[in-house]
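Single-structure report; data block below.
Chain naming here is simple, since letters A, B, ... match the order of the sequence lines and numbering starts at 1 in each. Atoms considered below: every heavy atom in the structure, side chains included; atoms not considered: hydrogens, waters and symmetry mates.
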Amino acid sequence: MSGLPAAFYDRPVLEVARDLIGCTVEHRGAAGVIVETEAYHQQEPASHAYVGLTPRTRTLFGAPGRAYVYRSYGVHALLNAVCEPEGVGAAVLIRALEPTAGIKEMTARRSALLGREAREYELCSGPGRLTQALGISLEENDTDLRLGPVRIGPRPEDWQDPPVLVGTRVGITRAVDLQWRFCAAQNRHVSRPRPAEGTAGVSRRG
DNA sequence: CATGGGATTGACT
DNA sequence: GTCAATCCCATGC
């Protein structure tokens, strides 16, 4: 799989977040199509970059097209794609995937942590779940999303672009009103809470 | 150096 | 619906 060029990420983070819906994430043979994202930017307080350049946020302020992986709640590794020009702290959080390859390996990894057989819709329906399923860890922080080991590539040939629902971001306490969450409509692999169809906005690409 | 707060998940009531 | 797990790091003394 060829990765998306750095220029794809060197754009306003809201555009990248919307356009990543339908793109493919791959790690060591396991892969899925992105069905949910959120945008974060240094100018709003929910972003880690809001506090400025620190050791933690160094990757966020670095070159676009790299992976920002950090630990959440002391437990989960969360995957982001760094966006906008170098020096601007902005990234897209990858929140859910529709599994497409390596499902056996993903099921094995998730089942080991759950202590029971994981169902298909439980594999990648959440930002912590998808990194577990793909085996992505903090070691992948600040690696190139074009070269790997974590790669993001274009839409699969057979992927039908669904409407993209726009809603508010999940699990934050500040800047809660910004509609910076993007979800593929009517997709089983979107995480909870799923945006209500009919109340959420709809975004077109382009 | 001590403290506190998470871009979450899963188990439990 | 509630709540603990568990760790990185920003902040303040």
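The gap from the C1' atom of B:dA7 to that of C:dG1 amounts to 23 Å, rounded to the nearest Å.
Of the N and O atoms on the side chains of A:R110 and A:Q132, at least one donor lies less than 3.5 Å from an acceptor on the other residue. A donor-acceptor pair shorter than 3.5 Å can be found between the side chains of A:S191 and A:E36. At a cut-off of 3.5 Å, with distance as the only test, a side-chain donor of A:E140 or A:S137 sits close to an acceptor on the other residue. In this structure, a donor-acceptor pair under 3.5 Å is absent between the side chains of A:T54 and A:R58.
Partners of A:R169 according to the side chain to side chain donor-acceptor pair (under 3.5 Å) rule, which considers only residues two or more places apart in sequence or in another chain, are A:E44. Scanning for side chain to side chain contact (heavy atoms under 4.5 Å, CB included) contacts around A:T168 gives A:Q179, with sequence neighbours left out. Annotation: ring pair (Phe, Tyr, Trp, His ring centres under 6.0 Å) contacts of A:F8 (sequence neighbours excluded): none.
Contacts of residues 40-75 of chain A with DNA chain C (heavy atom under 4.0 Å): A:V51, A:T54, A:P55, A:R56, A:R71, A:Y73, A:G74, A:V75. Taking a 4.0 Å limit (strictly below) on heavy-atom distances, residues 78-91 of chain A reaches DNA chain B at A:L78, A:N80. Remark: nothing in residues 105-136 of chain A comes within less than 4.0 Å of DNA chain C through any heavy atom. Taking every heavy atom of residues 92-99 of chain A and every atom of DNA chain B, pairs under 4.0 Å involve A:L93, A:R95, by number.
Reading DNA chain B from its 5' end, the first and the last nucleotide to sit under 4.0 Å from a heavy atom of chain A are B:dG6 to B:dA11. You can see that DNA chain C meets the heavy atoms of chain A within a 4.0 Å-exclusive cut from C:dA5 to C:dT11, reading 5' to 3'.
The pair A:D19-A:R11 counts as a salt bridge, with a side-chain nitrogen and a carboxylate oxygen less than 4.0 angstrom apart.
Listed by chain and number, the hydrophobic cluster partners of A:V35 are A:V33, A:W159, A:V190, where partners are ILVMFWY side chains within reach of under 4.5 Å, directly or through others.
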DNA chain B in dot-bracket, Watson-Crick or G-U pairs under 3.5 Å, [ ] crossing, | other strand?
-> ||||||.|||||.
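The side-chain hydrogen bond (donor to acceptor under 3.5 Å, both in side chains) analysis of residues 59-79 of chain A, with sequence neighbours excluded, yields the pairs A:H48-A:Y68, A:T59-A:N141, A:R66-A:D142.
A donor-acceptor pair under 3.5 Å is formed between the side chain of A:E84 and the backbone N or O of A:V13. A donor-acceptor contact shorter than 3.5 Å is absent between the side chain of A:T37 and the backbone of A:V92.
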